[in-house]
Amino acid sequence: MDLGHLLHLLIPSTTSVAILALFFAYLAIAGSTLPGKLVPGAVLQDGSRLHYRCNGLISLLILAGILGAASKLDIVSLTVIADRGLELLSTTFLFSFLVALVLYAVGCKSSNRCSSLKPHVSGNLLDDWWFGIQLNPQFMGIDLKFFFVRAGMMGWLFINLSIFARSVQEGTMSQSMVLFQLFCALYILDYFIHEEYMTSTWDIIAERLGFMLVFGDLVWIPFTFSIQGWWLLSNKVELRTAAVIANCFTFVIGYLVFRGANKQKHVFKKDPKAPIWGKPPRVIGGKLLASGYWGIARHCNYLGDLLLALSFSLPCGMSSPVPYFYPIYLLILLIWRERRDEARCAEKYREIWAEYRRLVPWRILPYVY
Ligand code: NDP
């Protein structure tokens, strides 16, 4: 493909703008009208708490149903996302860029002093636009941070499904494509089943909303986590049975560690006395959990996520590094993130964090790191 053709494919069309607008409109309407558990967020510095309506799963299933019916009636083509991948990518990128500018401008004007909306302006325009200046900006009553993560995770699934539809249409569907699709779909569905756990994650409780998060949620997650699928469309892979078994094993172990660790922390935050693996939990200073996965490594949940990321790439075999973009990126991100979280917790919990470090010396992978 020459550069001119590539640039042409990147130009946003009215169709890609319409797809994005309809997707966001649907999510906004579904998010504010469909039933869902109302989950209180973390207690903010000023003692206030935001509440999140966790109706992502039902929103996803209804949207999938609408798209399935629309394709049966020939109103929508299931391959439209795969056919227009590049222009959707550039449209979403431009949208993220503009949204971050608007967030910056609106945040600067805000005179609100509550923790979720108080502007933190450093004076460095680039920094403020990149990291954001408000913790939880809202639009028409919608918490934008929660909204964008949801859009990104759903977008990832719909891109994958569209790639799958194209592989069926082109007759290139393979065992590798099925494995990749299956693992990602299970991971994304699991995310929505446990959407309430998102309310206690670092992004939601500690990160301000700027270009970094908006771009990360809307562009990075859906478009780069699906690279393996795009790659499989034009590359054939023969997998041995042993490789398929190893791949499934990596996924299952990764899932058990990832979900188990995140669940244990979530349950612990709600009820610090709840049993962990059938025994009373070991708690440091009344605040930090040091049993279960949290007694094996201080961020076992990252280890689980890394194994899962690897399992999404293993179906592509070993002939190219391209499908391994996601696990490699995630490894770098989670090591960086673990360092930032460690610094935050050391400052917040002081001597009890030092005690936790003594008891649980490993950061992510016992005996290695
Ligand atoms: P965590 O869910 O690990 O949250 C870290 C926070 O948990 C800390 O700041 C602290 O917050 C609390 N905490 C830490 N240790 C303990 C303990 N022992 N006992 C009690 N509380 C503790 O981090 P993230 O939000 O970064 O990650 C959540 C999940 O999302 C992970 O599984 C991660 O892999 C995944 N993720 C995936 C990404 C991707 O691109 N696929 C990107 C980023 C994350 P507090 O002040 O509340 O106590």
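As the structure is a computational prediction, the values presented were derived from the model and not from experiment. Just follow the structure's listing: the first ligand is 1, and inside any ligand the first atom is 1.
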**OP:** Please report the C-alpha distance between Thr79 and Ser77 in whole Å, then the side-chain angles of each, then the deciding distance to 0.1 Å, and finally whether the side-chain hydrogen bond (donor to acceptor under 3.5 Å, both in side chains) criterion is met.
**Re:** CA-CA 5 Å; Thr79 61; Ser77 155; 3.0 Å; yes

Going by the order shown, which atoms of ligand 1 are within less than 4.0 Å of some heavy atom of [X]?
{"X": "Phe225", "answer": "40 (O)"}
{"X": "Leu330", "answer": "38 (C), 39 (C), 40 (O), 41 (N)"}
{"X": "Tyr302", "answer": "23 (O), 24 (P), 26 (O), 27 (O), 31 (C), 33 (C), 34 (O)"}
{"X": "Leu333", "answer": "42 (C)"}
{"X": "Tyr349", "answer": "45 (P), 46 (O), 48 (O)"}
{"X": "Cys345", "answer": "8 (C), 9 (O), 10 (C)"}

For ligand 1, does [X] get within less than 4.0 Å through its side chain, its backbone, both, or neither, judged by non-hydrogen atoms?
{"X": "Thr201", "result": "both"}
{"X": "Trp294", "result": "side chain"}
{"X": "Tyr326", "result": "side chain"}

Original post:
Relative to atom 19 (N) of ligand 1, which among Val43, Leu289, Leu306 owns the nearest non-hydrogen atom?
Top reply: Leu289

Original post:
At their closest point, which heavy atom of Arg150 faces which heavy atom of Arg53, and how far apart are they?
Top reply: NH2-O, 3.2 Å

**OP:** Determine whether the side chains of Asp203 and Thr201 contain a donor N or O and an acceptor N or O closer than 3.5 Å.
**Re:** no

Original post:
Strictly by modelled atom types, are Gln134 and His120 linked by a side-chain donor-acceptor pair under 3.5 Å?
Top reply: no

Original post:
Tyr191 and Trp156: aromatic ring centres closer than 6.0 Å?
Top reply: no

